[in-house]
Amino acid sequence: MRSLKYSDKVKKAAPIVNAIKALKKDEELTIQYKGDKFKVRAYCSVDDKMSYSVWNSFRGMNVSKVGRTSLSLYTYDMMSQKTTYTLSLIEAAII
């Protein structure tokens, strides 16, 4: 399998990026990523800026950045340990 150019990756991820950015307050979008379903939820943060979170059936992570090809996610555990993850939108699909 040949590797995609960055511009091709951006084009492939664009429909999902655009759908996420089009979400309004309290709306959600269901995506499939590596065989699992996730809900991307939109909400207004304290400064009235649109923010997002990603949830599976019982756990969620906040979105720190909606990139051109991925979502940067983070969460904190009970001991204030930060966990980060990069969710590739190239490998995701809207369902």
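When a residue number appears, it is its place in the shown sequence, counting from 1.
- For the pair Leu71/Val66, a side-chain contact is recorded, criterion being any heavy-atom separation below 4.5 Å from C-beta on.
- Of all the heavy atoms in Ala42 and Lys24, the pair that sits closest is CB-O, 3.4 Å.
- Pairs of residues two or more places apart, or lying in two chains, that qualify as side-chain hydrogen bond (donor to acceptor under 3.5 Å, both in side chains) and include a residue from residues 75-92 are Tyr33-Tyr85.
- For Asp8 (side chain) and Leu4 (main-chain N/O), no donor-acceptor pair under 3.5 Å exists by modelled atom type.
- With sequence neighbours left out, Lys49 forms a side-chain contact (heavy atoms from CB on, under 4.5 Å) with Ser45, Asp47.
- Remark: Ala19 engages Leu29, Ile94 in a side-chain contact (heavy atoms from CB on, under 4.5 Å) (not counting sequence neighbours).
- Taking CD1 of Ile16 as the start and CD1 of Ile31 as the end, the distance is 6.5 Å to the nearest 0.5 Å.
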With a 3.5 Å cut-off and sequence neighbours excluded, list the donor-acceptor pairs that the side chains of residues 54-62 form with protein atoms.
unit_1, atom_1, unit_2, atom_2, d
Trp55, NE1, Ser53, OG, 2.9
Asn56, OD1, Phe58, N, 3.1
Asn56, OD1, Arg59, N, 2.8

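- Cluster note: Tyr6 groups with Val10 through ILVMFWY side-chain heavy atoms spaced under 4.5 Å, whether in direct contact or through intervening members.
- For residues 64-73, there are no side-chain hydrogen bond (donor to acceptor under 3.5 Å, both in side chains) pairs, not counting sequence neighbours.
- In this structure, Tyr74 is not a member of the same hydrophobic cluster as Tyr43, with clusters built from ILVMFWY side-chain heavy atoms closer than 4.5 Å.
- Here the OH atom belonging to Tyr52 is positioned 6.0 Å from the CG atom belonging to Leu23, to the nearest 0.5 angstrom.
- When the salt bridge (charged side-chain N to carboxylate O under 4.0 Å, His left out) test is applied to Glu28, the partners found at least two apart in sequence or on another chain are Lys39, Arg41.
- Heavy atoms only, all atoms of each residue included: Lys25 and Cys44 are closest at CD-SG, 3.9 Å.
- Checked against side-chain contact (heavy atoms from CB on, under 4.5 Å), Lys11 has no partners two or more places apart in sequence or in another chain.
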